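Below is one structure, written out as structure tokens; comments come after it.
What you see is a predicted model, and the numbers here were worked out from it, not measured in a lab.
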Amino acid sequence: MSSKSGLPLEVPKGHFVVYLGENRSRHILPISFLSIDSIPEFQSLLQQAEEEFGFDHDMGLTIPCE
């Protein structure tokens with residue numbers, strides 16, 4: 001089953017969902033992005049997300065960028 005954007009509603013094994021920007025566009029990313037040795041820019045975005053939104057809410061992981 002897919003959403004209106006064409007993305008699957010179910011998250012494939014080994015992936016996770018993030019929401020980007022004010023419009024909260026939904027993206028499915030490989031779990032390897034969470035590795036400390038992976039993409040430094042993504043780690044920086046995660047730190048910004050924690051500072052702006054925290055991680056204790058029901059809205060999903062939201063990253064403050066377009």
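Every ring-ring contact (aromatic ring centres under 6.0 Å, His included) that F42 has, sequence neighbours left out, goes to F33. Residues satisfying the side chain to side chain donor-acceptor pair (under 3.5 Å) test with S25, not counting sequence neighbours, are H27. With sequence neighbours excluded, the residues forming a side chain to side chain contact (heavy atoms under 4.5 Å, CB included) with S32 are P30, listed by chain and number.
Among all heavy-atom pairs drawn from E10 and I28, the shortest one is O-CD1, 4.4 Å.
Rounded to the nearest 0.5 angstrom, L20 CG and L45 CG are separated by 8.0 Å. In this structure, the separation between CG on L34 and CD on Q43 is 7.0 Å, given to the nearest 0.5 Å.
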